[in-house]
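Notes follow the structure.
Both ligands and their constituent atoms are indexed starting at 1 by order of listing.
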Amino acid sequence: MKLAIAGSAGRMGRLVVKNAINEGLKVSQAFDIVEIGKDAGEVAGIGKIGVLIENDIAKLNADILVDFTNPNACLKNARIASEKGVKLVIGTTGFSEEQRRELESYCKRVPTVISPNFSVGVNAFFKIVEFASSMLQDYDVEIFEIHHKMKKDAPSGTAIKTAEIIRDVLAKKGKKLELKFCREGKRGEEIGVFGIRGGDVVGEHTVMFFGEGERVEITHRATNRESFAKGAIMAVKWIAKVDKPGIYSMLDVLSKNVPS
Ligand code: NAP
């Protein structure tokens, strides 16, 4: 199995290179727009692996492409991968609604895992939030997240996904709420989502359910990026066994069921 990594010189890409090699996977290509011509292993801090970083995705020649770049780059990478029949594992976040639709149009043609958060803990957090939303349907719900100051998108993809989970649970119970990003003025019939940026915070997400006389808080804190990279490698190993084109989630990966 030949693995290509896009964004290989970035914070996540370097960890994906390292974890892929540690897991005995064959990294055959590395793409980025910085550190071009350098060995991807050296950039990742693990010494030479014999794969030089290149910047022309048209030269993609792999079985699976992992993408941790930015929305515009990821759309191009996904289009080219889908045209070449290359499976995808996408961790990039920050897509607009229109970009998300375009991304899905490419990804549904090949087996693809898309997840705004590959950590096992956050995927457990999603299930816990789903359960709590169902039990606490009459409570007010708000979400906040904190990330490092270099993060390009706000609110985070994980916060948006969390809000969508809650919105969908409540809609099934007949309670229709809008998602409201960064409120000014009075609270309405909505789930408020807030992004805070500063320092080197890897990622924290909290959901608050406010009732009369009590408040339930559910929090996930990432203390380093290893859990994201390890989850992405789990997704790579799982998608390698999947032949049926379609868009899968990290919950599909964790179920260990292979769709036929
Ligand atoms: P980063 O450090 O900025 O890394 C992204 C890398 O991609 C940078 O080196 C960037 O170069 C490069 N790049 C830009 N355009 C490219 C192109 N056309 N082809 C190849 N590489 C290109 O960001 P990060 O912290 O690693 O995060 C990357 C993405 O993953 C973000 O969307 C982030 O929100 C997301 N993320 C997801 C998870 C998850 O579990 N799903 C976890 C953490 C982060 P420049 O710096 O020159 O632009």
*Tell me: protein heavy atom nearest atom 21 (N) of ligand 1, and distance?*
Asp32 CA, 3.3 Å

*Closer than 4.0 angstrom: is that true for some heavy atom of Lys76 and an atom of ligand 1?*
no

*Relative to each other, are the rings of Trp238 and Tyr248 parallel, tilted or perpendicular (30° and 60° limits)?*
perpendicular

*asked:* Taking 4.0 angstrom as the limit and counting only heavy atoms of Gly7, give me the atoms of ligand 1 inside it, by number and element.
replied: 6 (C), 7 (O), 20 (C), 21 (N)

*Does any pair with a residue in residues 53-70 pass salt bridge (Lys or Arg N to Asp or Glu O under 4.0 Å), and if so which ones, sequence neighbours excluded?*
none

*Is it true that the side chains of Glu214 and Tyr139 contain a donor and an acceptor less than 3.5 Å apart?*
yes

*Under a heavy-atom criterion of less than 4.0 Å, does Ser115 contact ligand 1?*
yes

*Mind checking whether Met150 has a heavy atom under 4.0 Å from ligand 1?*
no

*Backbone, side chain, both or neither: what part of Ile57 comes under 4.0 angstrom of ligand 1, heavy atoms only?*
neither

*Any N or O on Pro116 sitting closer than 3.5 Å to an N or O of ligand 1?*
yes

*Would you mind checking if Glu23 and Lys237 are paired as a salt bridge, meaning a charged N to carboxylate O distance below 4.0 Å?*
yes

*Answer yes or no: does an N/O atom from Arg11 fall short of 3.5 Å to an N/O atom of ligand 1?*
yes

*Considering only heavy atoms of Val34, which atoms of ligand 1 have at least one such atom less than 4.0 Å away?*
9 (O), 47 (O)

*asked:* To check your reading of the model: name the closest protein heavy atom to atom 29 (C) of ligand 1, its residue, and the distance in Å.
replied: Thr69 O, 3.5 Å

*Please identify which atoms of ligand 1 are closer than 4.0 Å to at least one heavy atom of Asn70.*
14 (C), 15 (N)

*Nearest non-hydrogen atom to atom 19 (N) of ligand 1 belongs to which of Leu15, Ile33, Asn123?*
Ile33

*Identify, by atom number and element, the atoms of ligand 1 in contact range of Thr93, meaning under 4.0 Å from any of its heavy atoms.*
32 (O), 33 (C), 34 (O)

*Heavy-atom distance to atom 46 (O) of ligand 1: which of Lys152, His148, Glu54, Arg14 wins?*
Lys152

*Could you list all the salt bridge (Lys or Arg N to Asp or Glu O under 4.0 Å) pairs where at least one residue sits in residues 144-166, not counting sequence neighbours?*
Arg100-Glu164, Glu145-Arg197, Lys151-Asp153

